[in-house]
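Report on the structure given below.
Note that these values count all heavy atoms, side chains included, but never hydrogens, waters or copies made by symmetry. Naming: A, B, ... by sequence-line order, numbering from 1 per chain. The structure displayed is predicted, hence computed values, not measured ones.
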Protein chains: 2
Amino acid sequence: MDEARPTIYDVARRCGVAASTVSRTFSHPSRVNPATREKVRAAADEVGYVPRPLARAEAPGRTRTLTLVVTDIANPYYAPLIKAAQAQALASDYTLALTDSDESPRVEVSNLRQLLATTSGAILATSRLSDDVIRQLAQHRPLAIVNREIDGVPSLVVDTAGGMRKAVRHLAAIGHRRIAYLSGPRNSWINGARWQAVRQESAALGLDAAFLGPYAPNRQGGHEAADALMLQRATAAVAYNDLIAIGTLQRLQSAGVRVPDDFSLIGCDDIFGADLTVPALTTIAGPTERLGRSAVDALHAQIAHRTAGDSAVFDAHLVTRGSTAPPPAASR
Amino acid sequence: MDEARPTIYDVARRCGVAASTVSRTFSHPSRVNPATREKVRAAADEVGYVPRPLARAEAPGRTRTLTLVVTDIANPYYAPLIKAAQAQALASDYTLALTDSDESPRVEVSNLRQLLATTSGAILATSRLSDDVIRQLAQHRPLAIVNREIDGVPSLVVDTAGGMRKAVRHLAAIGHRRIAYLSGPRNSWINGARWQAVRQESAALGLDAAFLGPYAPNRQGGHEAADALMLQRATAAVAYNDLIAIGTLQRLQSAGVRVPDDFSLIGCDDIFGADLTVPALTTIAGPTERLGRSAVDALHAQIAHRTAGDSAVFDAHLVTRGSTAPPPAASR
DNA sequence: TTGAAAGCGCTAACAT
DNA sequence: ATGTTAGCGCTTTCAA
């Protein structure tokens, strides 16, 4: 007595049309005559047919879905990137599925595998995975990486290292001699690149550059950084990102350190909120939206033309707001 | 260069067995010779083959992926909700796929359909869809909604309407007589609920309550709201959300209106950044994380026990910070 | 134990 | 606008 679940064929037979018409009625209703459409729907109801979305994914059309993996959705930095990627995907009638790796490589790779099973490709933003793992994934599935450079994998990066150099030059120009870099996660490729830039430019300019951290890339991490900072002789700091800088700013201020009079602070990324603090944060900004758009383009290139997508490096610039000033006279 | 995702056929070719043997190796390992089994597994690793849960799973829940649809990822309000949902999903070894509907019902329904095809259920946050559409979707797939109440669909909401009442009482208590509500999107269920609460509580307390808007639920919308506000006689405003409140605050200040001395402002949601403005924003807060967790629980309940998940209403409270004070003497 | 071949329910070219 | 046909990746007969 076990009748199988009704299929589009049952519906088709019932109302004398082809199975494909039934299929269309449910997936592209606009492409079928309204009259037929109603007839099909009625027949479907009678027979008790329910569309089986899962089977759809097995069909050749693929899923028209792309995956974007970020390390922390709560980091406002990603918002414009996500929006841009989303818009770009939508323009080609693709859906973007987003997932958060919670700063954990284990979670990242597991989410990625899970979603890659049902999507047509993935963008990894600020990935914590090793080069090898990423290369391996890229071998089998369309992949693009953001804020990371790996040979053979389309990479979209903002040259924040160059931005860091500009920041250091700015600090040097207004008289600072001893600065600190507030490090983000140690296993972050881009964190390494930023610190190298600070170190080299400081050396070239004859500044003392101290490495502090690593700190969690959020406000809490900034609180800790501030505590460490107050034990240092530095008169300025460049932070891995704005979240750390904002946390540092707040802790410094609540400890009675005046910014920028007593201490100068520079963030990175120009996130939402960087212009909300008092003083507003001087920070390093780049075209985050282009990152998202280009990453989606790289994916589409791989899906459609089966060619590797293009890599690109975008310029970063310094947004000078209120958190930087010459050091206190006593320290010059 | 980039071959498509490896299939059992690739594995089969690689180690010289039939595809069916590869299939058996992964679905009924006991029915294949241990030696062959190992050979196949090794080949699968080399080729990078990963079994496709989709192609086999008939039962919902087999893809171990959940969908979360938000209206705007750039809205910091969602961050804690997303993080909590993600964590809760992860705890049951599920992956969360997130998508942004860009405030557009069209995009929302299309993304939803797309992802529902390959995931086991979906959470709609602050959905812009009609009750009917949502009910219809809920009929076929596990669904939970956040910040919205619909009969028969598990609903998780923070009682921000109650929060609005508290906000109005607070304003009344410190002497305001004429207030304004800065409306969010007109087709938002929760916006209606908030305005009703403001209207009713104002009436009960003998205050004048003006409805302004609708405004886009972002800072830009707040700028427009500020312009409208300056034409009104109100001495205080309650905004649909913090983003509008922050935008209003900034525009007001740049027009020379002092907050809270000249004008009081209350936001809603207590997002990241609400404590960054000067003055810090008085706002309505609720347990956003519990929303995310409970929504995932509701989905799991539907997937596992095939029962409808539970609905819940969480309390909201007023976080009194610096943006509210008694009205200027002249207006009392 | 293994291989060949026939589906599973659905979609998308390509005709008509 | 609709029908025909050829798959999608995998599982499952059925022989060998």
Side-chain angles (χ1 to χ4, degrees), chain A residues 2-41 43-44 47-65 92-95 113 116-120 140-141 303-304, chain B residues 3-41 43-44 47-60 62-63 110 113-114 116-118 140-141:
Chain A
D2 62 339
E3 342 133 27
R5 157 184 226 167
T7 74
I8 49 171
Y9 292 95
D10 299 318
V11 180
R13 204 174 316 120
R14 177 86 182 199
C15 61
V17 299
S20 52
T21 302
V22 179
S23 171
R24 270 188 289 258
T25 302
F26 290 99
S27 33
H28 306 287
S30 64
R31 286 188 216 163
V32 41
N33 186 306
T36 334
R37 197 192 303 160
E38 282 322 306
K39 205 172 61 180
V40 170
R41 284 195 177 134
V47 181
Y49 166 77
V50 182
R52 251 197 21 147
L54 283 187
R56 183 173 291 194
E58 303 166 31
R62 292 282 174 169
T63 56
R64 293 196 88 79
T65 304
S92 321
D93 207 28
Y94 270 68
T95 293
R113 279 210 209 294
L116 230 27
T118 58
T119 61
S120 312
H140 299 300
R141 317 246 39 210
I303 293 169
Chain B
E3 331 127 38
R5 175 194 180 79
T7 74
I8 50 171
Y9 292 95
D10 298 317
V11 180
R13 203 174 316 119
R14 177 85 180 200
C15 60
V17 300
S20 49
T21 303
V22 179
S23 171
R24 271 189 288 261
T25 303
F26 289 99
S27 35
H28 306 290
S30 63
R31 287 189 216 161
V32 43
N33 185 308
T36 334
R37 197 193 304 160
E38 282 321 307
K39 205 171 60 179
V40 170
R41 285 198 176 131
V47 181
Y49 168 78
V50 183
R52 272 191 36 146
L54 256 186
R56 48 174 92 150
E58 290 299 300
R62 292 300 298 265
T63 64
S110 122
R113 286 236 155 80
Q114 198 72 245
L116 229 28
T118 57
H140 298 304
R141 318 244 42 205

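Across B:Thr7, B:Val17, B:Asp10, a single residue satisfies side-chain contact (heavy atoms from CB on, under 4.5 Å) together with B:Val22, and that is B:Val17.
Of the side-chain N and O atoms in B:Thr36, one or more sit less than 4.0 angstrom from OP1 or OP2 of C:dT2. Taking only side-chain nitrogens and oxygens, A:Thr21 comes nearer than 4.0 Å to OP1 or OP2 of D:dG3.
In this structure, CZ of A:Arg37 is placed 14 Å from C1' of D:dT2, rounded to the nearest angstrom. One atom, CD1 of A:Ile8, and another, P of C:dC10, lie 5 Å apart when rounded to the nearest Å. One atom, CG of B:Asn33, and another, C1' of C:dG3, lie 15 Å apart when rounded to the nearest Å. The distance from atom CZ of B:Arg24 to atom C1' of D:dT12 is 9 Å, rounded to the nearest whole Å. For A:Arg64 and C:dA12, the CZ to C1' distance is 12 Å, given to the nearest whole Å. D:dA1 atom P lies 14 Å from atom NE2 of A:His28, rounded to whole Å. In this entry the distance linking OH of A:Tyr49 with P of C:dC8 reads 15 Å, nearest Å. Between A:Arg13 atom CZ and D:dG3 atom P there is a gap of 15 Å when expressed in whole angstrom units.
Taking the side chain of A:Ala18 as heavy atoms from C-beta on, and the options D:dG3, C:dG3, C:dC10, the nearest nucleotide is D:dG3. The side chain of A:Val32 lies closest to D:dT2, out of D:dT2, D:dT11, D:dG3. In the set C:dT2, C:dA12, D:dT11, the nucleotide with an atom closest to the side chain of A:Ser20 is C:dA12.
Put simply, the side chain of A:Arg141 gets close to the backbone of A:Thr119: a donor and an acceptor are under 3.5 Å apart.
Counting non-hydrogen atoms under 4.0 angstrom, A:Phe26 reaches nothing in the nucleic acid. The residue A:Val22 sits apart from the nucleic acid: no heavy atom pair falls under 4.0 Å.
Minimum interatomic distance between B:Ala44 and B:Val11 (heavy atoms only, all atoms of both residues): N-CG1, 3.8 Å. Across every non-hydrogen atom of A:Arg37 and A:Ser30, the tightest pair is NH2-CA, 4.3 Å.
Nearest-nucleotide positions on DNA chain D for B:Ala19 and A:Gly16 put A:Gly16 closer to the 5' end.
Remark: aromatic rings of B:Phe26 and B:Tyr49 are close, center separation under 6.0 Å.
Side chain A:Tyr9 to base C:dC10: a donor-acceptor pair is found below 3.5 Å.
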